[in-house]
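Positions are given from 1 along the sequence. Bear in mind the structure is a predicted one, so any value in this text is a computation, not a measurement.
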Amino acid sequence: MSELSHELQHAVESLRCAHVDGRQGLPETLFLLVSSLVPLPNVDLLITDKAGRLLLARRNDRFFGTSWHIPGGCMRYGETLEHCLQRTARREIGCEVLFEREPVAVRSVFRGPNPDLPHPNERGHNIAVLYRCALPDSFLPDNGRLDEADDGYLQWFSSLPRDFMEIQHVYDDVLKRWI
């Protein structure tokens with residue numbers, strides 16, 4: 001690759017001097033820039049209950065539209081997989097999970113450029129690691145004041161909903177029970 005332009009070199013040095021700590025997460029604009037340059041590692045939580053239902057969360061954002069998805073989250077610098085799983089579970093589900101140590105699947109998830117975004121490659125490529133997880137038997141989704149159409153709404157499904165997130169069909173071989 002060619003050398004950086006003077007402007008880019010200055011931007012890189014400014015970022016280094018800012019002492020951004022990726023262990024705490026990145027400011028959104030920096031996170032989106034990084035996500036448009038390199039694939040981001042993330043964990044996805046395959047949560048089922050004793051009845052065999054799958055827990056999905058509503059996604060409603062500019063990157064993936066409105067759909068149901070397997071709860072997940074991006075790793076942070078220096079974070080272990082276990083810490084990322086539990087942080088993601090607390091944020092997405094509201095409690096920690098029990099999980100199998102070996103992932104069920106590892107996938108390169110490439111959405112590709114989205115021409116509707118100001119920067120089309122943002123959030124366009126992830127390396128997704130799917131873990132089978134379990135919740136306490138007493139778990140009930142706490143949707144608070146959320147409506148079913150709201151981002152973050154949780155619901156159990158006996159089969160995949162019609163509007164299951166398109167890019168998560170990379171897990172179809174694992175999800176065949178619900179398809």
Side-chain angles (χ1 to χ4, degrees), residues 22-28 30-32 34-35 39-109 111 122-172 174-175 177-179:
R23 293 172 293 194
Q24 303 304 313
L26 297 175
E28 183 178 13
L30 184 54
F31 171 77
L32 293 174
V34 170
S35 79
L40 296 176
N42 75 278
V43 297
D44 288 325
L45 313 177
L46 180 65
I47 302 171
T48 56
D49 65 6
K50 289 187 179 196
R53 297 178 302 170
L54 179 66
L55 185 64
L56 298 177
R58 176 58 86 184
R59 183 83 180 240
N60 190 351
D61 66 29
R62 64 187 171 155
F63 301 104
F64 301 101
T66 301
S67 58
W68 291 99
H69 75 106
I70 297 169
C74 293
M75 289 190 75
R76 294 178 176 170
Y77 179 82
E79 188 172 46
T80 66
L81 284 167
E82 179 173 342
H83 186 268
C84 183
L85 280 161
Q86 296 301 4
R87 178 181 52 76
T88 298
R90 286 188 302 273
R91 188 188 74 245
E92 297 264 319
I93 309 302
C95 69
E96 292 194 351
V97 294
L98 298 173
F99 63 93
E100 294 178 5
R101 294 278 174 201
E102 293 297 316
V104 177
V106 178
R107 301 287 191 270
S108 178
V109 181
R111 185 201 67 222
E122 290 175 345
R123 304 293 313 267
H125 190 182
N126 287 75
I127 303 302
V129 185
L130 180 66
Y131 284 89
R132 185 175 301 282
C133 302
L135 292 165
D137 290 340
S138 61
F139 175 82
L140 292 173
D142 180 9
N143 289 310
R145 295 177 182 221
L146 297 176
D147 291 324
E148 187 176 314
D150 292 337
D151 191 58
Y153 187 90
L154 299 171
Q155 186 171 320
W156 291 104
F157 287 87
S158 297
S159 61
L160 287 182
R162 180 182 44 79
D163 59 344
F164 182 66
M165 185 183 289
E166 183 64 33
I167 64 168
Q168 287 195 322
H169 280 287
V170 297
Y171 295 134
D172 280 355
V174 176
L175 298 173
R177 176 178 180 185
W178 293 279
I179 296 176

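- Not one N or O on the side chain of Arg53 forms a donor-acceptor pair closer than 3.5 Å with the backbone of Gln155.
- Atom CG of Asp61 has more than 12 heavy atoms from other residues, nucleotides or ligands within 6.0 Å.
- Of all the heavy atoms in Pro103 and Val129, the pair that sits closest is CB-CG1, 3.5 Å.
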Stepwise, does the side-chain contact (heavy atoms from CB on, under 4.5 Å) test hold for Arg58 with Asn143? CA-CA 11 Å; Arg58 176 58 86 184; Asn143 289 310; over 6 Å; no
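- Distance CG/Leu160 to NE2/His169: 6.5 Å, rounded to 0.5 Å.
- Contact detail for Val43 and Cys84: the closest heavy-atom pair is CG2-SG, 3.6 Å.
- Asp147 places no side-chain N or O within 3.5 Å of a backbone atom of Ala149 that could act as its donor or acceptor partner.
- Glu79 approaches Cys74 most closely through the heavy-atom pair OE1-O, 4.3 Å.
- A pairwise comparison of heavy atoms in Gly72 and Thr88 identifies C-CG2, 3.4 Å as the closest pair.
- If you take CD on Glu100 and CG on Leu85, they are separated by 11.5 Å, rounding to the nearest 0.5 Å.
- Side-chain atoms of Ile127 and His125, non-hydrogen and from C-beta on, do get closer than 4.5 Å to each other.
- Figure legend: Arg59 and Trp68 shown without cation-pi pairing, the cationic atom not lying both under 6.0 angstrom from the six-membered ring centre and within 45 degrees of its axis.
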side-chain contact (heavy atoms from CB on, under 4.5 Å) assessment of Leu32 paired with Phe63: CA-CA 11 Å; Leu32 293 174; Phe63 301 104; 3.5 Å; yes
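- With a 4.5 Å cut-off on side-chain heavy atoms, Tyr131 and Val97 do not count as touching.
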Starting from the C-alpha separation in whole Å, work towards a yes-or-no answer on salt bridge (charged side-chain N to carboxylate O under 4.0 Å, His left out) for Glu96 and Arg90. CA-CA 6 Å; Glu96 292 194 351; Arg90 286 188 302 273; 2.5 Å; yes
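- Summarising the geometry, atom CG belonging to Leu45 is positioned 9.0 Å from atom CG belonging to Leu55; distances are rounded to the nearest 0.5 Å.
- When Val170, Leu175, Ile70, Val106 are each tested for a side chain to side chain contact (heavy atoms under 4.5 Å, CB included) with Leu130, only one passes: Ile70.
- The line from OH of Tyr171 to CZ of Phe164 is 9.0 Å long, rounded to the nearest 0.5 Å.
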In sequence, state the C-alpha distance, the side-chain angles, and the governing distance for Asp44 and Asn42, and then conclude on side-chain contact (heavy atoms from CB on, under 4.5 Å). CA-CA 7 Å; Asp44 288 325; Asn42 75 278; 3.1 Å; yes
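- Closest heavy-atom contact between Arg101 and Glu82: NH1-OE1, 3.0 Å.
- Asn126 places no side-chain N or O within 3.5 Å of a backbone atom of Ala128 that could act as its donor or acceptor partner.
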Criterion salt bridge (charged side-chain N to carboxylate O under 4.0 Å, His left out) on Arg111 and Glu166, from CA distance to verdict: CA-CA 9 Å; Arg111 185 201 67 222; Glu166 183 64 33; over 6 Å; no
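- In this structure, Cys133 SG and Leu46 CG are separated by 7.5 Å, a value rounded to the nearest 0.5 Å.
- Taking CD of Glu102 as the start and CZ of Arg132 as the end, the distance is 13.5 Å to the nearest 0.5 Å.
- Of the possible donor and acceptor atoms, none in the side chain of Glu92 sits under 3.5 Å from a partner among the backbone N and O of Ala57.
- Side-chain atoms of Thr66 and Asn60 form a donor-acceptor pair, as typed in the model, at a separation below 3.5 Å.
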Verify side-chain contact (heavy atoms from CB on, under 4.5 Å) between Asp49 and Phe139, making sure each step is shown before the conclusion. CA-CA 9 Å; Asp49 65 6; Phe139 175 82; over 6 Å; no
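- A cation-pi geometry, defined here as NZ or CZ lying under 6.0 Å from the six-membered ring centre and within 45° of its normal, does not hold between Arg123 and Phe64.
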